[in-house]
Amino acid sequence: MKENLLKIINHYGVVHQQRKLNEEVFELQEAIINRNLHWNYDTEIQDMKPLNEHIKEEIADVLNVVEQFIYFYEIDVKELIEIKHYKVNRQLERMKEEK
């Protein structure tokens, strides 16, 4: 997978893929907003599966482009995971302080 993602970003270039990332994040936001609007206001839609599937597809698109940047910039995935854990724990501490 890594090689294929690198092929894509090297083919299109970083600037193009940066625009692609913006596009994919926007589409994910739209999918989430659409699902939440139906959840809150549309009593006729009982089955949220199609809306959830759309969100899943958009998350996959975002992750694919993000991973291109991870590999292109040679970011250590283990370090990235450590940073993610640190940030989650930091936010949990902030939440405790809010109480």
Side-chain angles (χ1 to χ4, degrees):
M1 180 67 91
K2 177 181 178 178
E3 295 80 21
N4 289 337
L5 293 171
L6 279 170
K7 281 181 188 177
I8 294 168
I9 196 168
N10 285 319
H11 176 81
Y12 290 107
V14 172
V15 173
H16 179 274
Q17 290 311 92
Q18 182 181 2
R19 284 190 219 115
K20 189 67 168 173
L21 178 60
N22 287 338
E23 175 187 319
E24 297 299 350
V25 169
F26 181 77
E27 289 175 3
L28 173 58
Q29 290 174 324
E30 282 185 319
I32 292 169
I33 288 167
N34 187 39
R35 193 236 186 251
N36 289 340
L37 285 174
H38 286 297
W39 176 259
N40 291 325
Y41 302 112
D42 193 344
T43 55
E44 293 178 19
I45 293 185
Q46 300 298 321
D47 184 10
M48 292 290 164
K49 274 187 178 178
L51 298 172
N52 291 345
E53 288 297 316
H54 186 206
I55 291 171
K56 190 182 341 180
E57 291 282 331
E58 297 305 336
I59 289 172
D61 289 341
V62 170
L63 289 174
N64 277 332
V65 181
V66 167
E67 285 185 37
Q68 291 174 37
F69 286 100
I70 289 170
Y71 299 134
F72 184 83
Y73 291 118
E74 298 178 347
I75 294 171
D76 184 295
V77 175
K78 289 180 183 176
E79 287 180 26
L80 189 60
I81 291 169
E82 288 175 13
I83 294 167
K84 283 177 54 183
H85 287 200
Y86 166 77
K87 290 186 174 257
V88 167
N89 290 330
R90 182 180 66 185
Q91 187 60 40
L92 291 172
E93 287 299 318
R94 288 177 179 163
M95 290 165 54
K96 282 182 191 174
E97 292 171 7
E98 289 176 9
K99 290 182 180 180

Contacts of E30 meeting side-chain hydrogen bond (donor to acceptor under 3.5 Å, both in side chains) (sequence neighbours excluded), chain-then-number -> none
Residue pairs passing the salt bridge (Lys or Arg N to Asp or Glu O under 4.0 Å) test with at least one member in residues 12-21, sequence neighbours excluded, are K20-E23, K20-E24
Expected list for residues 58-85: side-chain donor-acceptor pairs under 3.5 angstrom, two or more places apart:
{"unit_1": "E58", "atom_1": "OE2", "unit_2": "H54", "atom_2": "NE2", "d": "3.2"}
{"unit_1": "N64", "atom_1": "ND2", "unit_2": "A60", "atom_2": "O", "d": "3.4"}
{"unit_1": "Q68", "atom_1": "OE1", "unit_2": "Q17", "atom_2": "NE2", "d": "2.8"}
{"unit_1": "D76", "atom_1": "OD1", "unit_2": "K78", "atom_2": "N", "d": "2.8"}
{"unit_1": "D76", "atom_1": "OD1", "unit_2": "E79", "atom_2": "N", "d": "2.9"}

Sorted by chain and number, sequence neighbours left out, side-chain hydrogen bond (donor to acceptor under 3.5 Å, both in side chains) with E53 holds for K56
For residues 3-32, the ring pair (Phe, Tyr, Trp, His ring centres under 6.0 Å) pairs (sequence neighbours left out) are Y12-H16
Residue pairs meeting salt bridge (Lys or Arg N to Asp or Glu O under 4.0 Å), one or both in residues 87-99, sequence neighbours left out, come to E93-K96
Here the salt bridge (Lys or Arg N to Asp or Glu O under 4.0 Å) pairs for residues 1-14, sequence neighbours left out, are none
Apart from V88 itself, members of its ILVMFWY cluster (side-chain separation under 4.5 Å) are L92, M95
With side chains defined as the heavy atoms from C-beta onward, is the minimum distance between L5 and I9 less than 4.5 Å? no
Here the gap from L51 atom CG to I32 atom CD1, rounded to the nearest 0.5 Å, amounts to 12.0 Å
